[in-house]
Structures are given as C-alpha cells and as structure tokens.
2 protein chains.
Amino acid sequence: MPATMEDVARLAGVSTATVSRVLNNPELVSDEACRRVNEAIRQLDYRVNLAARSLRTNQTRTVAVVLPTIADPVINQMVEAIEDVAITAGYTLLLCSTRGDAAREHAYIELLTQRTVADGVLYISPRADPDTVLTLAQGTMPLVLCNYLVENPAVPCLLMDHISSAYQATAHLLGLGHRRIALLNLAAPHYYPARMRLDGYLRAHAEAGVIPDPALRVEIDRPTYANDDWRGAIEALLVQPDRPGAIVAFNDEVALEVYAVCREHGLRIPDDLSVTGCDDILSSRHVDPPLTTVRVPARVQGERAMRLLLKRLTRPHQPVPPRTLIPVELVVRGSTGPPAG
Amino acid sequence: MPATMEDVARLAGVSTATVSRVLNNPELVSDEACRRVNEAIRQLDYRVNLAARSLRTNQTRTVAVVLPTIADPVINQMVEAIEDVAITAGYTLLLCSTRGDAAREHAYIELLTQRTVADGVLYISPRADPDTVLTLAQGTMPLVLCNYLVENPAVPCLLMDHISSAYQATAHLLGLGHRRIALLNLAAPHYYPARMRLDGYLRAHAEAGVIPDPALRVEIDRPTYANDDWRGAIEALLVQPDRPGAIVAFNDEVALEVYAVCREHGLRIPDDLSVTGCDDILSSRHVDPPLTTVRVPARVQGERAMRLLLKRLTRPHQPVPPRTLIPVELVVRGSTGPPAG
DNA sequence: CGCTTTACTGTAATCGATTACAATACCGTT
DNA sequence: AACGGTATTGTAATCGATTACAGTAAAGCG
C-alpha cells in the first residue's frame, strides 16, 4: 500500500534511478529534477523500504547490544551513551539482554551471526558461556567487547579498570589502619571484572606489606541483580568473633545489603565496620552514612565502545587498539573510617 | 560470501522453492528431500537472509519499544518482561529511548512509521510531544500504549493505576491522623500518571472530608531521572513554618531525596515527617527507616502489553480492550507514622 | 483400465531498492 | 564542423528470499 520508488519516479517524471540518486547522492542530480522528486516524495509521503535497501546494500544500519541485564545502573548509562552515539551516526539499536541465561545468549548469537539483522555487535559484560563469545569473536561480524577480554587482536576490548577500583578502595582502607579487610566478589569464573578486582585487592595488600586472610574473600556465584544470595554470605561474614573491620563490596548494591545487615545486628558504620562500594549509584549518596565508593565513567565507556564499533564498520581493515583500560576514581564519603579500638 | 538458498538447493539437488518450504512448511516436503536439504544447510552453515525475507513477506519480526529512558527501575522491569514475551514469540526488540527530547522522539517515530523496520510499536510513558503520539496512533502501525491514554479504540492503553496509588498512600496518611499532606508531582502536562496521581490524592481527601491545601501541591516540570531540580523544591516545602506533616512523593527516588533533605535539616522520619514513595525500588527497603511505598507490578504490565501487541500483529482486525488499569498495592514500612504532637 | 485425488516438486514472477553501464545533450575547442 | 569532455538521465541486472501456478508421478477408485 505505501508508495514505492516507482510511484515517486512516475509522479516526478523521472526514472527510479534518479529518485534513488536524489536520496543518496543528490549532487549527481540537476536542481530541477531534485526539486520535482522531493515534491513527489512529499506528496506521496514516500519512505524507503529498508528491507529492500538492506538486501541490495548488505547493510542494516543497526547494531546489536548484547548485555546481561538492563536493570543495572552502570549498564543503563552505557546503553544510553551508546544510543546517543549510534543515533547521530544514523544507527539503531537492537536490544539483546541475556539475563545470564546461556540458552538465550546462544540464541541471540545465532541470530546475530546471520549478519542480516545487524551490522555489528557490542557485547557488554558477558557472564554466561565464554565459548559463545569466542564463536562470535572468530566470526566475520564486527565486534566490540566491554568488560571482557579475548586474545584476538581483531576484537577491541574496553575494560573498566577494576584492578584500580579494588586497589584504590583497599589502599584507602589500609591507609586508615585496617588490616582485616574482606572482599565480597563474584565467583563467576569468566566474569572478567571479578578477576580484576581480586587482583587489585591483592596488589594493594602486597604494596602495604600486609598478608590478606583468605577467609575474608567471599565469592558468590550469582550476579548482583539477583541479590537474595548475598544476604546470607554477608551475615556469615559479619556474625562471627573474627569478623573483618572493613569490607570492599563488589558494587554499591551489595554494599547497601551490608548496610541492612549491619542495621539488623547493631553494627555501626563506620565505627564498627568500614564499607566501600563500586559504581556510585544514586542511592549511595542518599544512604546514611553516605557510601565511600568508586565512580566508574559508564557513559565514557559506552561512547568509546560505540565509536570504536563505528570505526570498524566504516573501515573494517584499519587496525584498532585491542585493549583499553578506562580509569576510575575513588570517592571518599562517610562509610569508611579508622578501625575501632 | 555467505551461502544463499540457491547454494543449498544446488547441493541438495532440489529447487530453491523446496528449500524455502523445508524452512517454512516442512510438512509439504518429502522426508527424503527434507533430510537432504537440512544436511546441505548444515554443511554450508546457511542462514536465511532476513532482509530478503522481510522484503518478500513484509514482516520484520521486530517490535520497537519507545520509552523516555531505560535508567528507571520500573521501565527496566517492563522492558525485561517485554523481551521475555517477545523472544518466545520469535520477535526481537528495537530500542528507542527518547530521553524526553522531542526531536529525538520525532526522529524515532519518523523511522518507525516507515513500517519496514518494525512490525509494531510499544510506547511506554510518553512525555514529550503528545502530537507525535497521536500521529503514530492514527497511522497504520500496530501500537500499544503504556501509561498514556489516547481516545482511539484501535489503540489499546495499559495504565498502571496511579489514581489508586496516590489514593492508597494519601488515605493511609489521613488514617494516621495527618491533615497537612503534601503531593510532590510531575508537572509535565501530558504525562498521564501525574494527572492520575493528583486525582487519587484529591479523592482520598474528599472521602475523608479534608480540604487539601493547594500550597502543598508541588509540581516539577522535569522527570525524576534528571533529579537535581527536586532538591530545591523539597527544601522550599520543608524549610518553612507551615511545613506539611507528610509527603506523598512522586516515586521512590524523589522520596529518597526527601530523606536526604530531612537529614540535612535535622528532621526525623517518621516522627517529624511521614513519607511515602512509589515503585518499591530496591533501596527503598534498605534505607533507614524503610520506605512506605506503592508496589507496581511492572513485569505484569510489560508482559500484558507485549501480549496485546502480539495479538494485534497476528489478528489485526480483532477488537482489543481499549483501556486496562493495572492494580497496585501499598506497602507500609517504617517511614510513615502518626503526626507529631 | 481410465480417471480422480493426493503428494510432491519445479518454474518463474515478485518484493523495492541500488548501481554499472550506456545514452544523450550540451558545452567549449580547434 | 568535428571532437572531447562534462553533466545528467535512463535501462536493466541484481540482491535473496517467497509463493502462485503448473506439472508429474503414484495411489485410489469404480
């Protein structure tokens, strides 16, 4: 029912080739013809058929964003930044949230490798099956990875510097005099940021000449957005004679869970326990005391990732930095202080 | 470079028509041919070209989700529910977040009305230009609206019952003995839930025979996810001799902003001020005191919306309920209590 | 055995754009 | 007047699927 290019051509008294040129290379067309075509387009309310165009040009002007969840403040911001960049470049976003479900992740990858639904893929914080990531990375689909690392120079990886994040938080606590510092981390073996955090935690201890107690490293296998599991782990850690004097939490949401446990058990922050988070979500400023945390430039990461992908799309053979670390910054607020006694 | 249907046909020794039938109507093909075709598909790692299919069938198997932001816990959950339903029906999601920017919203609508990029549109909580919504509603594009109302029986609207939400919160406060109850609302004239909330607030007062003070109705023009503006409005309300004894906040994030202002100015919750929120976000349970709020079934709304859209897509002419109210539930926690004195 | 039915398969038109190539007109040069 | 060059336009092939229609063979039936 909608008008086709042929209708426009007929009305304007030109060929479809000319109409197409008006749309894509107006400089090749005489002003007069251009005018008539545009007038016809207006009259008929014509729109290109993107399916036809895609078929012919092998381009979709769409990029897929694969992520574990959108219910995460950091990912939220990244996606919004990605969209901002995409939209100005004329691209549209396909949303693929895997929810940590391997089957779903697999299905999405299967869909995407068709290459007829998106021109490129932005893969954020993969958690499920590392093999699917590798499959994708070895395919022909332009790919940019965020917070994951594959050893393939054709695949740029953008990593939030979580080594530094844990390092800064731990060093801050050590500097305050703490010696028993717990690390609440994610155990998912292929979740890169978790490995990085452990690294930073250990490095800070090493530099300070302190030997960390392995009993104070708690790892949970579940991502934080399914955070019922955290409660028990936190209680086990805090309700024992030998409890730590400080906690480096995986992120702000986990840190807030620590707040809740403390309130229940009559522990005061920061007098009895210092706590640090990560991400600097909105409520970390609103809680009492305000949370000492690490601010991560999520928008920056999203923008860079999308720009990199665009570069790969327009110049597929130009080399790309295989690995980028994005610096983060500790924000000291009220939840950390010197140890009791 | 990728294999086409013709390659598969050649390898399997059949025509492309048969290959297509194996893919779409296998019951029309002999077992033997089916086997050979599938084997060829496997060998060549063949995938359909979706652009070609779309062009021929006039279907994209994609639905667009237009929303003001994804950085909102309620919208988050809705989108995840929408995706769950979409994925099982074989649909993919196109993400269009307008960020309250009329130009962007317009651009997206323009893109979507092409009808060649998505089969249908799910429009969540429109805030910008009501005209663009109307344009879309009058077009031929199947559409489902969430938290907005247009008087067009062809467009189903799913409204979270924010009349009841404000009514329940206000009635709860009136029941505790409060008489001076402030309403922190959004002023955006076309943001439907804000109008509904005012309704519920007034209705509760009317039923209790209390005349609400118009000075206690604060309206901010900015959506909550750009919430720097709220601070000032809240302070103006609370730092005055005639301050209210209770506040019905637009949502939990605004309520938490109230918490922050109270902390600064030495007001205790709930002793000096009762506060209610809306949405029941994660941190509302973590703050001290835990926030009395209204739980909204975001997932339910998302699921229903998507199901409705799917119905419109498969049976375009079957009538659809033009308007659905989704019930909400007050959750009483520690932030509300009897007025001081 | 002839005829209808059923089951399967192939031929070729079609969806709506893009673009290589050819054709034309017009200009200035010599 | 003939020629080369530039600007503009049209013709028609092409992208890769779907599907109406026609054809063939085998089975069923009287």
Side-chain angles (χ1 to χ4, degrees), chain A residues 1-41 44-62 90 111 113-119 140, chain B residues 1-41 44-62 90 111 113-119 140:
Chain A
M1 211 47 158
T4 74
M5 195 167 261
E6 209 170 323
D7 300 331
V8 175
R10 199 171 12 248
L11 182 59
V14 297
S15 72
T16 61
T18 301
V19 177
S20 176
R21 278 189 281 255
V22 169
L23 258 38
N24 302 305
N25 302 88
E27 70 278 7
L28 296 179
V29 181
S30 70
D31 290 353
E32 168 60 13
C34 217
R35 230 206 62 256
R36 289 218 311 279
V37 167
N38 280 319
E39 172 60 19
I41 287 177
L44 297 172
D45 191 31
Y46 165 81
R47 330 266 162 128
V48 270
N49 183 316
L50 294 182
R53 173 181 283 177
S54 285
L55 175 58
R56 191 61 238 260
T57 61
N58 248 323
Q59 278 198 27
T60 60
R61 302 239 113 205
T62 293
L111 174 74
T113 44
Q114 294 189 174
R115 297 221 44 169
T116 50
V117 54
D119 295 342
T140 60
Chain B
M1 211 46 156
T4 73
M5 195 167 260
E6 209 170 323
D7 301 330
V8 174
R10 198 171 13 248
L11 182 59
V14 298
S15 72
T16 62
T18 300
V19 177
S20 176
R21 278 189 281 254
V22 170
L23 260 39
N24 302 305
N25 301 90
E27 70 278 7
L28 296 180
V29 181
S30 70
D31 291 353
E32 168 59 14
C34 217
R35 228 204 66 256
R36 288 217 312 279
V37 167
N38 279 320
E39 173 59 19
I41 288 178
L44 298 172
D45 192 29
Y46 164 80
R47 330 266 162 128
V48 270
N49 183 315
L50 293 182
R53 175 180 281 175
S54 284
L55 175 58
R56 191 60 239 257
T57 61
N58 248 321
Q59 277 197 30
T60 61
R61 301 239 112 204
T62 292
L111 174 73
T113 43
Q114 294 188 174
R115 296 222 45 170
T116 50
V117 53
D119 294 342
T140 60

Taking any heavy-atom pair under 4.0 Å as a contact, classify B:V19: base, sugar-phosphate, or nothing. nothing

Reckon B:S20 touches a base, only the sugar-phosphate, or nothing at all at heavy-atom distances under 4.0 Å? base

Pair B:E39 + B:R35: basic N to acidic O under 4.0 Å: no

Select from A:T18 and B:V14 the residue whose nearest nucleotide in DNA chain C is closer to the 5' end of that strand. B:V14

With a 4.0 angstrom cut-off to heavy atoms of chain B, pull out the first and last contacting nucleotide of DNA chain D, in 5'-to-3' order. D:dG16 to D:dT19

Starting at the 5' end of DNA chain C and moving along, which residue's nearest nucleotide shows up first, B:A17 or B:R56? B:A17

Is any side-chain heavy atom of A:M5 less than 4.5 Å from a side-chain heavy atom of A:S20? yes

B:R21 has an atom CZ; how far is it from atom P of C:dC8, in whole Å? 11 Å

Tell me yes or no: between the side chains of B:R47 and A:T116, is some donor less than 3.5 Å from an acceptor? no

Taking distance alone, no hydrogens or angles, what donor-acceptor pairs closer than 3.5 Å link side-chain atoms of residues 50-58 of chain B to residues at least two apart or in another chain?
unit_1	atom_1	unit_2	atom_2	d
B:S54	OG	B:L50	O	3.1
B:S54	OG	B:Q59	O	2.9
B:T57	OG1	B:R53	O	2.8
B:T57	OG1	B:Q59	N	3.4

Side-chain (B:N25) to main-chain (B:R21) donor-acceptor, under 3.5 angstrom: no

So, the side chain of A:T60 versus the backbone of A:D119: is there a donor-acceptor pair under 3.5 Å, distance only? yes

Want to settle it: does A:A33 or B:L55 sit nearer the 5' end of DNA chain D, counting the closest nucleotide to each? A:A33

Heavy atoms only, 4.0 Å cut-off, all strands: where does A:N24 land among base, sugar-phosphate and nothing? sugar-phosphate

